Amino acid sequence: MLSALERPKFKQFLQEYHFDLLVVGGGITGAGIALDAVTRGLSVALVEMQDYAAGTSSRSTKLVHGGLRYLKQLDIKIVAETGKEREIVYNNALHVTEPERMLLPFHKGGTFGRFTTSAGLFAYDKLAGVRREERREMLTSDEVIQMEPLVRKEGLLGGGHYVEYRTDDARLTMEALKKAAEKGAVCLNYMKVEHFNYDEDGKLSGAAVWDMLDGDYFSVNASVIVNATGPWVDEVRKKDAISNDKRLRLTKGIHIVIDQSVFPLRQAIYFDAPDGRMIFAIPRGRKAYIGTTDTFFDEDRSNPAATEEDVAYLLEAVHYMFPSVAVDRQHVESTWAGVRPLIYEEGKKASEISRKDEIWESETGLITIAGGKLTGYRKMAETVVDRVAKKFSKKEFGPCVTEHLRLSGGEFENEEQFKAFQESKANEAVLFGILKDEGRRLAATYGTNVDILFNYAHAMTAEKSVLPAVLKAEILYAVHYEMAMTPSDFFIRRTGDLYFNIAKVKEYKEDVTDYMSRLLAYSAEEKTRYLRELEQQIELAQVKGDSHAHSNN
Ligand SMILES: Cc1cc2nc3c(=O)[nH]c(=O)nc-3n(C[C@H](O)[C@H](O)[C@H](O)COP(=O)(O)OP(=O)(O)OC[C@H]3O[C@@H](n4cnc5c(N)ncnc54)[C@H](O)[C@@H]3O)c2cc1C
């Protein structure tokens, strides 16, 4: 449904149809809105100026979480809402989210003590409606050490153990978009809204879009337009008439990735940094990742990068909480940086600005949504589409159905069924010439779409190639089903390899570019440019050549 090879056809649709709704932005917010709207019966187009999820939605801490930090700020309503949403997001995409028990150690003089941790997590369980088996446990200091021997023993008083959900933000976005496309939404990446068109009453009637890949320029007609461009919402609003004084304050957060051989973290931990901020350290396969920072940001939103200072700050936090771990700068294999689109609040520090979402509408009818979390994307979309639907006096649309709508690849009744599915697919993989573990990984990543990959891999085993058959199958799937246009799309947003397996990216970057070039018929110039782009992303992930002065505020 989202085949890169079908772009010309989708572009033609964009030009020929009059859509009920045009969504600007293909991050999780835009994807959620497109899905909600199309399943209520609206005709929907979505355009994204980069790759899907290339903005903040591939650069988060990758947790679908109930927002414990809001509890610290006594924002009870957000805790209750995000807690409930967490469960819904999880059930609808079991292959992209998985429960991850989080350890919250407390030390003498730290942010939390035994009483505050216990009361806080108890309130969290209640407010967020946490399932019985996932409710918090309180641990003694010995139990904490048993669970994670690397935790600082000095001053350790105990810990709390509670459940968060780990996800892959870019894949979550992709699965929502694929579902929206399956239901009829016309989605295009690398398609930028340049300016808006208006009718004779001065109301929005569409937008002029620019194909970033081939330079085509044309108009898309739509009755309603939603601006879901995250860190870019102000820029897009400037293309329209700005009719209120709300604006964004961007803050940057970075993560670092370290190999388990150096940092053998067993247990996800939410801990105090020396300056009192809370930091996550999360095991993921053979790696551990640590984040995040929170600093004001006014630079290039398309390529935010970690600086040496950011990395040093996180390493200091690791040294502080895990004193026996001898990690230093050379062990940081990869990094990523994301920009939070927060709503400006006078005089507040970066970490104090609320993460809540807000919707506002201009006099011309442009609906803008900003702020919020990955976790709340479905609910946010419901609220936005309720508002969009009200703008049609002559059309009736159905109610919101996304609460029980499985995302693409997530057609499972429950967790048990998903686990059994992974095992049976691991066994079946062998029949397709795929190793059992690879089969299990593919099933866990692509869910009920995995058969397509198995068939691709099987077909590829006969072909002589430097690329492993499974890697080729993943490329084919990304191109034919997920509109991957460039090797960076594949290695960053479709697989996450740039962050969690950078060695693989370095090893195969030329061969993957060659293969994609054959599939997508790149010109010689495009092929060179895309390879160079990937190499630049590798450099950025390794924090090369970027170290301007900067302080954590
Ligand atoms: C460091 C960090 C950690 C985070 N951790 C978490 C977490 O663990 N859990 C959680 O729930 N949330 C987390 N968040 C928040 C979450 O990631 C964001 O709220 C969410 O990804 C925002 O999605 P979005 O779709 O609104 O924005 P984006 O993902 O940025 O999408 C907006 C898109 O609009 C596109 N665009 C811009 N201008 C145009 C135009 N003119 N035409 C077409 N397209 C355009 C951009 O290219 C971009 O892809 C974190 C955020 C950060 C920065």
Side-chain angles (χ1 to χ4, degrees), residues 22-34 45-70 78 82 85-86 89 97 100 164-170 172-173 176-177 187-196 207-212 220 225-240 248 250-255 270 279-280 282 289 291-295 297 301-304 306 310 335-342 350 355-357 368-377 380-381 384 493:
L22 170 65
V23 181
V24 190
I28 189 67
T29 309
I33 293 168
L46 176 146
V47 289
E48 161 57 54
M49 72 173 177
Q50 312 179 77
D51 182 27
Y52 302 122
T56 310
S57 299
S58 56
R59 301 162 179 276
S60 76
T61 305
K62 307 183 193 300
L63 291 174
V64 171
H65 59 144
L68 194 60
R69 76 190 296 277
Y70 306 128
I78 295 201
T82 46
E85 272 309 297
R86 182 177 81 152
V89 174
T97 38
E100 173 88 49
E164 293 284 25
Y165 291 79
R166 205 175 61 168
T167 190
D168 180 324
D169 43 10
L172 183 70
T173 306
L177 278 167
C187 305
L188 260 297
N189 53 3
Y190 295 103
M191 195 63 75
K192 180 177 182 184
V193 164
E194 273 296 298
H195 69 78
F196 291 116
V209 294
W210 183 29
D211 187 332
M212 309 299 282
V220 182
I225 302 184
V226 171
N227 170 13
T229 55
W232 289 264
V233 297
D234 280 349
E235 191 178 297
V236 170
R237 287 167 70 224
K238 276 187 204 137
K239 297 176 195 291
D240 181 46
L248 288 192
L250 304 181
T251 79
K252 186 183 79 170
I254 76 128
H255 292 81
Y270 191 33
I279 306 270
F280 289 104
I282 301 173
Y289 69 99
T292 178
T293 55
D294 204 348
T295 55
F297 181 77
R301 282 156 295 182
S302 298
N303 282 301
D310 295 327
T335 68
W336 70 88
V339 180
R340 299 179 187 85
L342 305 179
R355 267 61 176 157
K356 67 177 186 289
D357 55 284
T368 293
I369 167 107
K373 305 286 290 172
L374 202 67
T375 313
Y377 86 92
M380 262 161 52
V384 170
R493 270 86 48 184

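Each ligand, and each atom within it, is numbered from 1 in the order the structure gives. Since this is a predicted model, take the numbers as computed values, not measurements. Values below: all heavy atoms of this structure, side chains included; hydrogens, waters and symmetry mates excluded.
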Could you check which of Ser57, Ala31, Gly27, Ala170 puts a non-hydrogen atom nearest to atom 21 (O) of ligand 1? Ser57
So for ligand 1, is Val236 a polar contact partner (N or O within less than 3.5 Å, distance only)? no
Does an N or O anywhere in Thr29 fall below 3.5 Å from an N or O of ligand 1? yes
Please classify the Glu235 to ligand 1 contact at 4.0 Å (heavy-atom distances, strictly less than): side chain, backbone, both or neither. neither
I want to know if ligand 1 touches Ile254 in the polar sense, i.e. an N/O pair below 3.5 angstrom. no
Is the contact between Thr61 and ligand 1 made by the side chain, the backbone, both, or neither, using heavy atoms and a 4.0 Å cut-off? both
To the nearest 0.5 Å, what is the distance between OG1 on Thr375 and CZ on Arg86? 9.0 Å
Does Glu194 come within less than 4.0 angstrom of ligand 1, counting non-hydrogen atoms of the residue? no
Please report whether ligand 1 has a polar contact with Val339, defined as an N or O pair separated by less than 3.5 Å (distance criterion only). no
Using distance alone, determine whether Lys239 and ligand 1 share an N or O pair under 3.5 Å. no
Any nitrogen or oxygen of Val193 lying under 3.5 Å from a nitrogen or oxygen in ligand 1? Just yes or no. yes
Lys252 and its side-chain hydrogen bond (donor to acceptor under 3.5 Å, both in side chains) partner, picked from Thr292, Asp310, Thr293: Asp310
Options Val47, Val23, Leu374, Asp51, ranked by nearest heavy atom to atom 10 (C) of ligand 1, top entry: Leu374
Answer whether the closest heavy-atom distance between the side chains of Asp169 and Ile28 falls below 4.5 Å. no
Separation between CG (Leu342) and CG (Asp294), nearest 0.5 Å, reads 7.0 Å
Inspect the contact between Arg237 and Asp234 and indicate whether a charged nitrogen and a carboxylate oxygen are less than 4.0 angstrom apart. yes
Geometry only, no angles: is Thr251 polar-contacting ligand 1 at N/O separations under 3.5 Å? no
Quick check: does Ile28 get an N/O under 3.5 Å from an N/O on ligand 1? yes
salt_bridge(Glu194, Lys192) N-O dist < 4.0 Å: yes
Out of Ser60, Gly25, Ala54, who gets a non-hydrogen atom closest to atom 17 (O) of ligand 1? Ser60
Do Glu235 and Arg301 meet the salt-bridge criterion of a basic N to acidic O distance under 4.0 Å? yes
Describe, in one word, how the ring planes of Phe280 and Tyr270 are oriented to each other, choosing from parallel (under 30°), tilted (30 to 60°) and perpendicular (over 60°). parallel
